[in-house]
Amino acid sequence: MLAARNPSPSFHAHDRPPPPAHDIAERLSHLRDLRREPLPRRVARIADLHTDEASPVRKHVAEIIGVVGSKHMEYLPDIIPCLLHLLNDEAPPVVRQAIKTGTTLFAKLIQRLVIQGLFSTGGIDDALKSSWEWLLKFKSAVSLMAFQTTGNEGVRLLAVKFVEKTVLMYTPDPNIPSDPPSEATKDMGFNVAWLRGGHPLLNVGDLAMEASQNLGLLLEQLKSPKVKSLSTSMIIVFITSLSAIAQRRPSFYGRILPVLLSLDPASSIIKLRVPGAFHALKSAFSACLECTHSSAEPWRARLLEAQNIINQGGSIEDTANAGKNFGDTSNREESWPLMFPLELDPWELLQKHVLSDYANNEGHELTLCILNRLYREAEQDQDFLSSRTATSVYESFLLTVAESLRDMFPASDKSLGKLLCEIPYLPEGVLKLLEGLCSPESNEKQDKDIQSGDRVTQGLSAVWNLIMLRPLNRNRCLEIALQSSTHHLEEVRMKAIRLVANKLFPMASISKKIEDFAKEKLNSVLEVIPSGDSAATETATPEAHNDGVLENLSASVADAQTLMSLYFALCTKKHSLLRHVFAIYSSLPQAAKQAVHRQVPILIRTIGSSPDLLGIISDPPGDCQDLLMQVLQTLTDAAVPSKELTSSIKNIYSKTKDVEFLFAILSHLPKDEVLPVFPSIVNLPMDKFQAALSRILQGSSRNGPSLDPSEILIAIHVIDPDKEGIPLKKVMDACSACFEQRTIFTQQVLAKALNQLVEQIPLPLLFMRTVMQAIGVFPALVDFVMEIMSRLVSKQIWKYPKLWVGFLKCAILTKPQSYGVLLQLPAPQLENALSKNPTLKAPLVEHAEQPNVRSTLPRSTLVVLGLAEDQQQPAPAVSQAQSSQNQAAETSSSAADITTEVTQESSAAS
């Protein structure tokens, strides 16, 4: 960035004596030669020369800034600071040129912004954004000059013209189509109405409000007492600017013409002997008379009379006496044949003329004429009808018309809203009428359509227009809209919420008030919603108590939703607001929590994984686990979680070690990330374990299940309860839950899992229990189980006391198929097995006596079975058998409960 962007505020060109004339001429000649220099050098020279000691040089620099900036807007961020500095120049010609240049650049830049925002696929480029920020500073500085009473009038004149131009640029042009063209073309101009569909940088509502405020400031200059301090030249400037705005924006006639018409040539403000001011006023009236827009028609008669008075050298105020036919906007008595009703009751006039004329589309203009006259009478504080003031007549007349329009026409009619936007003053009585439309009371005895959605839409539409077009009534109208947004009827409430959230909240000037109101209502839930514990009295019957609790809880949920809905709607526009909902969640009464859970899915589906929501997920405030779980469920329901969301969920899990947070992404985690957390999943309550199991098996469409069924069974069995701190009962229940899902955990799955588990070292604690469960559920697995048991014999299963008990129990369950396995046992272990289960011996002996079997058995086994005599010393064998018996005795009691349970579960499963 160029160093000249922030010139020292203490430097002034007049600190040095002015250079000789020939030197100035030479510098100007050099400046003119700059156009042949490369662009970067020209920009650098601007930074060097904008503080030159010679004012003609500085003025010429201001001109060059305009030339360069208009053709090469990417350099505006470098040269606008110089232009801002020139606004403070001591030489008025320099300041005037700076304003001229800035006015041109401002108009060109806003046009470029509109076109690029609407037609460019890449959005607004950074250079253009930076340029806009600098020119907004220029606008603020020049606007301030326009309304300062001190300083050079030539400078102030140009500043006023700049404000005039911003009012025109910021308001819709009736001569240009309100819909943007399909594509950008050269010299297409622009209409701010094109922005109604949205723009990345410009907000049409904010622009309209600023234009309205600036117009109000211009009008104030011509009102007492400010107008009395103006010079004639400045009066001419303000009259000319307001006349220009009225001609190009006829919708402002109702605000501008009452002020221009109030200027009295006979007063001390504008004298007949000052031809310039007089001529400006006359020219303004003549120009306004040439306007063919419908908004200008009601003022035609008044303008003609005022023009005649000026031509005659009289007072505009004499218009009321010279032409009693004030209401005749066409100068044809047969059209509106009435005198101004000073001597009539307003209601009588209303009945005779206004309402009938409304049906013929002329009542609107007539009403405006009457109200503007009454308003002017009130401003001049002239009493009439003895005890009644113009103010009271104005208010009662307007209220009667407004009520009649409400009752006469359908809700879709725009007459009421149009009238309220164009009248000179909006009294509280009419605002109360709007309040009734926007927030109908349930006990009002009115026509059904008044409480219907159409009437509410009618009222809210009027409120929206008033907020946009009447800055002085903005806060009161906003209050009406906000009150409607918490209405007890959902249809009313939702219409108001849509207005507030979609149209009003994006407006910077009122967004804070809206946010504060919504937050106040949200927080009030903590105080006004009952907990629900005392919904029924202690003397009520249990049935009545339950019914009362449910009824009151349902009502409390509805009440909470009424208070909270606006805040949730604002969250869709400003995602950072959502954090407060999480912060207060734990403190909410049960009814309010239910209301939150009803709203959250809609809200979350609307905003998606926004950065603010991801921040809440990574670092949630307070105790809000249930709410957070619902949010995660909504975000991942039928959708693949983004990398950012997955990272946020993993982050909260790493902080809390609460595995439930991972449920939302279990389907999308790879095996190596699921296995480490699987013990924690097994340790959950059964319903949550089953939910997690379902997600793991569901997997993702791209990668399939995180773990297949056999891997799940293996993962359950390899859990070490002591090491993981998980009750053995939890692991057993997890196995049983799998066996209940036969369509998933099939015979083949079990065989695959057992085949891998039997190779585990050490063998899993629940291995034999699972083998027995498998046989109970799938009897056809018995041959496969015999193979497993045979492998267990080779692994010396008797060395694992708890598993040895299970092995023997399995042998009993699978006889006679298990006889061959039992006969594979070494003699001491076989003797131990038979001593603990005597009923096995006889059928086992019978099986062993078969020639083809007996021939394969060692002598020691035959001895144990009594089929051969022991020819060795008995002591070692007895000692070894006794040792095995003691070992079995020590472990059999500890495993008894497990084997009994297995038998019961297998029977139930089969």
Colleague: Spell out, as yes or no, whether a donor-acceptor pair under 3.5 Å connects the side chain of R859 to the backbone of E869.
Modeller: yes
Colleague: Could you go through L603 and T634, starting from their C-alpha distance and side-chain angles, then the distance that decides it, and tell me whether this counts as side chain to side chain contact (heavy atoms under 4.5 Å, CB included)?
Modeller: CA-CA 10 Å; L603 170 62; T634 305; over 6 Å; no
Colleague: Side chains of residues 610-622: which donor-acceptor pairs under 3.5 Å do they make with residues two or more places apart or in other chains?
Modeller:
{"from": "S610", "atom 1": "OG", "to": "H575", "atom 2": "ND1", "distance (Å)": "3.2"}
{"from": "S610", "atom 1": "OG", "to": "L613", "atom 2": "N", "distance (Å)": "3.3"}
{"from": "S618", "atom 1": "OG", "to": "L614", "atom 2": "O", "distance (Å)": "3.2"}
{"from": "S618", "atom 1": "OG", "to": "S648", "atom 2": "OG", "distance (Å)": "3.3"}

Colleague: Are any side-chain N or O atoms of T572 and backbone N or O atoms of A569, one a donor and one an acceptor, separated by less than 3.5 Å?
Modeller: yes
Colleague: Could you state the interatomic distance from CD1 (I604) to CD (Q633), rounded to the nearest 0.5 Å?
Modeller: 12.5 Å
Colleague: Do L578 and I607 have side-chain heavy atoms sitting under 4.5 Å apart?
Modeller: yes
Colleague: With K593 as the cation and Y585 as the aromatic partner, state whether NZ or CZ is under 6.0 Å from the six-membered ring centre and within 45° of the axis.
Modeller: yes
Colleague: Got a donor-acceptor contact below 3.5 angstrom from the K841 side chain to the L865 backbone?
Modeller: no
Colleague: With a 4.5 Å cut-off on side-chain heavy atoms, are L844 and L830 touching?
Modeller: yes
Colleague: Within 45° of the ring axis of Y653 and under 6.0 Å from its six-membered ring centre, is that where the NZ or CZ of K657 lies?
Modeller: yes
Colleague: When rounded to the nearest 0.5 angstrom, what distance separates NZ in K730 from CG in D733?
Modeller: 7.5 Å
Colleague: Looking only at heavy atoms, which two atoms of R493 and S565 are closest? And how far apart?
Modeller: NE-OG, 4.0 Å
Colleague: Any donor-acceptor pair under 3.5 Å linking the side-chain atoms of Q773 with those of R769?
Modeller: yes
Colleague: Donor-acceptor pair, S524 side chain versus K521 backbone, under 3.5 Å?
Modeller: yes
Colleague: Rounded to the nearest 0.5 Å, what's the gap from CD1 on I726 to CD1 on I719? Could you check?
Modeller: 5.0 Å
Colleague: Give me the atom names and distance for the closest heavy-atom approach of I716 to F678.
Modeller: CG1-CE2, 3.5 Å
Colleague: Do side-chain atoms of T606 reach the backbone of I602 as a donor and acceptor pair under 3.5 angstrom?
Modeller: yes
Colleague: Is the closest side-chain heavy-atom distance between Q829 and Q796 below 4.5 Å?
Modeller: no
Colleague: What's the separation between atom CG in L570 and atom CD1 in I497, rounded to the nearest 0.5 Å?
Modeller: 8.5 Å
Colleague: Show your working on side chain to side chain contact (heavy atoms under 4.5 Å, CB included) between L522 and L563 and close with a plain yes or no.
Modeller: CA-CA 6 Å; L522 175 68; L563 294 170; over 6 Å; no
Colleague: Has the side chain of S818 got a donor or acceptor atom that lies under 3.5 Å from a matching backbone atom of V821?
Modeller: no
Colleague: Within the structure provided, determine whether V682 and E724 are in side-chain contact (heavy-atom separation under 4.5 Å).
Modeller: no
Colleague: Is there side-chain contact between C810 and I775, with heavy atoms separated by less than 4.5 Å?
Modeller: yes
Colleague: Any chance you could lay out the side chain to side chain contact (heavy atoms under 4.5 Å, CB included) test for L792 and L803, step after step, and finish with the verdict?
Modeller: CA-CA 10 Å; L792 291 176; L803 291 170; over 6 Å; no
Colleague: May I ask you to decide if the ring planes of W804 and W798 are parallel, tilted or perpendicular, using 30° and 60° as cut-offs?
Modeller: perpendicular
Colleague: Any non-hydrogen side-chain atom of I797 less than 4.5 Å from a side-chain atom of L763?
Modeller: yes
Colleague: Given side chains that start at C-beta, do those of E849 and V845 come closer than 4.5 Å, heavy atoms only?
Modeller: yes
Colleague: Can you confirm whether E644 sits close enough to S609 that some side-chain heavy atom of one is under 4.5 Å from a side-chain heavy atom of the other?
Modeller: no
Colleague: Of all heavy-atom pairs between M786 and T814, which one has the smallest distance, and what is that distance?
Modeller: CE-OG1, 3.3 Å
Colleague: Considering residues, nucleotides and ligands other than K671, do more than 12 of their heavy atoms fall under 6.0 Å from its NZ?
Modeller: no
Colleague: If you look at every heavy atom in F784 and L754, which pair is closest and at what distance?
Modeller: CE2-CB, 4.0 Å
Colleague: Within the 3.5 Å criterion, strictly below it, is a donor on N523 or H580 matched to an acceptor on the partner's side chain?
Modeller: yes
Colleague: Quick one: CD on E846 to OH on Y819, what's the gap to the nearest 0.5 Å?
Modeller: 8.5 Å
Colleague: Look at atom NZ of K795 and say whether more than 12 heavy atoms of other residues, nucleotides or ligands are closer to it than 6.0 Å.
Modeller: yes
Colleague: Go through the steps to decide whether L765 and L728 satisfy the test side chain to side chain contact (heavy atoms under 4.5 Å, CB included), and finish with yes or no.
Modeller: CA-CA 10 Å; L765 180 63; L728 180 61; 3.9 Å; yes
Colleague: Given T770 and H717, is the side chain to side chain donor-acceptor pair (under 3.5 Å) satisfied, shown in steps?
Modeller: CA-CA 9 Å; T770 299; H717 282 81; 2.3 Å; yes
Colleague: Write down the atom of F745, the atom of P709, and the distance for their closest heavy-atom approach.
Modeller: CE2-O, 3.3 Å
Colleague: To the closest 0.5 Å, what do you measure between OG (S794) and CE (M789)?
Modeller: 12.0 Å
Colleague: If only atom types and distance count, is the side chain of N837 paired as donor or acceptor with the main-chain N or O of T839 below 3.5 Å?
Modeller: no
Colleague: Hey, is the main chain of Q756 close enough, under 3.5 Å, to the side chain of E759 for a donor-acceptor pair?
Modeller: no
Colleague: Closer than 3.5 angstrom, by distance alone: can the side chain of R598 be matched with the main-chain N or O of Q561 as a donor-acceptor pair?
Modeller: no
Colleague: Between G820 and H847, which heavy-atom pair has the shortest distance, and what is it?
Modeller: N-NE2, 4.3 Å
